[in-house]
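Chain identifiers are assigned alphabetically (A, B, ...) following the order of the sequence lines, protein sequences preceding nucleic acid strands; residue numbering begins at 1 within each chain. Keep in mind the model is a prediction, meaning the values are calculated, not measured.
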Amino acid sequence: MFWLSLCFCLTVYRFDYKPKKVKVELDKKAKKRKYEYGDDEDEEVRSFVQKPRIQQSWGNEERYTDGSKWRFLEHKGPVFAPAYEPLPEKVKFYYNGKPMKLSAPAEEVATFFAKMLDHEYTTKDIFRKNFYKDWRKEMTSEEKSIITDLKKCDFSEMNEYFKAQSEARKQMSKEEKQKIKEENERLLSEYGFCIMDNHRERIGNFRIEPPGLFRGRGDHPKMGMLKRRIRPEDVIINCSKDSKHPKPPPGTKWKEVRHDNKVTWLASWTENIQGSIKYIMLNPSSRIKGEKDWQKYETARRLKKCVDRIRTQYREDWKSKEMRIRQRAVALYFIDKLALRAGNEKEEGETADTVGCCSLRVEHIKLFPKMDEQEYVVEFDFLGKDSIRYYNKIPVEKRVFKNLQLFLENKQPEDDLFDRLNTSILNKHLQELMDGLTAKVFRTYNASITLQQQLKELTCCDDSIPAKLLSYNRANRAVAILCNHQRAPPKTFEKSMQNLQTKIDEKQNQLSAARKQLKAAKANHKASHDDKSKKAVEVKRKAVQRIEEQLMKLQMQATDREENKQIALGTSKLNYLDPRISVAWCKKWGVPIEKIYNKTQREKFAWAIDMAEKEF
DNA sequence: CAGGAGACTTGTAAAGAAAATC
DNA sequence: GATTTTCTTTACAAGTCTCCTG
């Protein structure tokens, strides 16, 4: 029986799972838990990670079938940004070389700019223009009449002041720092948690964003605009009727207090730059986020089962006589093969000009019937999310290539490549192919399956733990490359690389020294043959071994870092890789989980750590 | 059925804390 | 013990996708 259940584990927690077996396993687990923890396990104590299984196995009774997200929700409301503190008299703003005292509102906005003086943003035309325009709105009419040219404004003294302030903060005594830390902890314990359905849960962002200048990414037309201060009157509170409602700060009122348990947020407000809504929600370690995350990976696993069918179908659709179907099929091929994002339309002029698959334009691809050794090569070059460049040359199948040529016919560079397609059409189609399937599921699926394959390929069973970790990171890296998760090389990269190299050199010297000593000890032992010399040999041997290990570890680190120069692993690790794959890998190879997930990550993936077994 | 509001996930940079080094 | 380096956490922008409305 034991072996039987172990076998189940082996199958069940593979990424390519069989749903029926899972159910069986879930039932068993639930029962086992129940038995293990017995009757004294009350709701409050029970960790959320068991809930998904329990609910699944108990048939999802009341609570989540009607779309509600909770029954009870109590919190203290958000923490507001501290009020503006006027600058000391001695810190001056100069206009046209002359000191000028600004009214408090104008001064506050000026400080936002002054704080960013060292940033590239303040050199950009759009940023300056937007800032200046919004700044003027805060000025008194007198100030408006005096200040007519941003170039004549001198914020440098203010900038110096803030630098000095932050320097002073660093120089504070231990006691002062301790005091601040304690105050922060108090704030966290009071406002950083809420009660949701009998659990005390950590809130993700309980502070309301302070006012400042909007920092759009890429070529954002709104960069530099003033992000205004949020007051209690702007904030909608969401909590349960029967909870203690949060109190607004003295003398203020909430915009509204509502009791909507169909949503997960605790508070919201409308931001003034894009007019979008911002939310206060729970931390990733919370039940509500964890369950959702789990669901996401379950959907990806369902895709695994029917992906062959879907692939066959879209290949078939390349031949369709309907243009829209062909476009849909080619787009889906890109999404599947290249892990492109869906690519919703965006309002022109409101955001940076970036695209995803469905919004690709003619100018973003180039076709090469022949390139080097390869045939039918497509070159992609466009700005994706966060204005990160996607550049890739890949050979495609002839049919795809011919279709692309067809799509390009009679079009201008700025025309849509897929003019008969958008994300809503695509997702509607995907929904018909599999329940819950959308474009982004392909990203999750392909990321996770890639990790699994790479781990299988790269891990050698007799590698040391550092070597295994390098393999893990390489597998992770393969995914990051697939998903195009790039980063700017860290500013100190070269230097830190050099430091590491010096360390390696030192170790090498140490090693050869230790080896020499070992040799000497051996010779000594040969000559004297006594116990003492024997012991000495052993000691030296151990030393050599230890240094060898250290050296190897350093070398692994160096390789890892070098390969990681421009690649950001975090996003894929946090959002795309089914944590059960990683956990199972750790268990299988005896790698401590802490080596791949830090504390926060372990909290976020608690559900998976708790779930996964040795093999997968 | 387009268009927009709303809700929630994904993404990078920067700040802050901790660890390593001088 | 101060300074530098590295790791962790936070901030908040920018996506995806759903749902509602006219």
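- For K278(A), counting side-chain heavy atoms from C-beta on, the closest listed nucleotide (dA13(C), dA13(B), dA11(C)) is dA13(C).
- Contact annotation: R443(A) reaches the phosphate of dG11(B) (side-chain N/O to OP1 or OP2, under 4.0 Å).
- Look at Q274(A) and you won't find any side-chain N or O under 4.0 angstrom from OP1 or OP2 of dA13(C).
- With respect to D560(A), the salt bridge (charged side-chain N to carboxylate O under 4.0 Å, His left out) criterion is satisfied by exactly one of K565(A), R477(A), K468(A), K553(A): R477(A).
- Residue R217(A) places its side chain closer to dT12(B) than to any other of dC8(B), dT10(B), dT12(B).
- Listed pair R169(A) / dA17(B) fails the phosphate criterion, with no side-chain N or O lying under 4.0 Å from OP1 or OP2.
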Expected rows: protein N/O vs nucleotides 19-22 of chain B N/O, under 3.5 Å:
residue, atom, partner, partner atom, Å
dT21(B), OP1, K503(A), NZ, 2.7

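- Side-chain N/O atoms of K428(A) include none lying less than 4.0 angstrom from OP1 or OP2 on dC1(B).
- Within the structure, every side-chain polar atom (N or O) of S276(A) is placed at least 4.0 Å from both OP1 and OP2 of dA5(B).
- In the set dA13(B), dT12(B), dA13(C), the nucleotide with an atom closest to the side chain of A488(A) is dA13(B).
- For N205(A), no side-chain nitrogen or oxygen approaches OP1 or OP2 of dA11(C) to under 4.0 Å.
- Between Y279(A) and the phosphate of dT9(B), there is no side-chain N or O to OP1/OP2 separation shorter than 4.0 Å.
- When each of dC8(B), dG11(B), dC12(C) is scored by its nearest atom to the side-chain atoms of K227(A), the top-ranked nucleotide is dC12(C).
- Within residues 73-83 of chain A, no residue has any heavy atom closer than 4.0 Å to DNA chain B.
- For the OP1/OP2 pair of dT5(C) and a distance below 4.0 Å, the side-chain nitrogens and oxygens of N499(A) include at least one atom meeting the criterion.
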- Contact letters for nucleotides 15-22 of chain C, in which S counts primed atoms plus P, OP1 and OP2 and B counts the base, heavy atoms under 4.0 Å: SBBS----

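- Put simply, H119(A) has a side-chain N or O that comes within less than 4.0 Å of OP1 or OP2 on dA14(B).
- Between D578(A) atom CG and dT9(B) atom C1' there is a gap of 16 Å when expressed in whole angstrom units.
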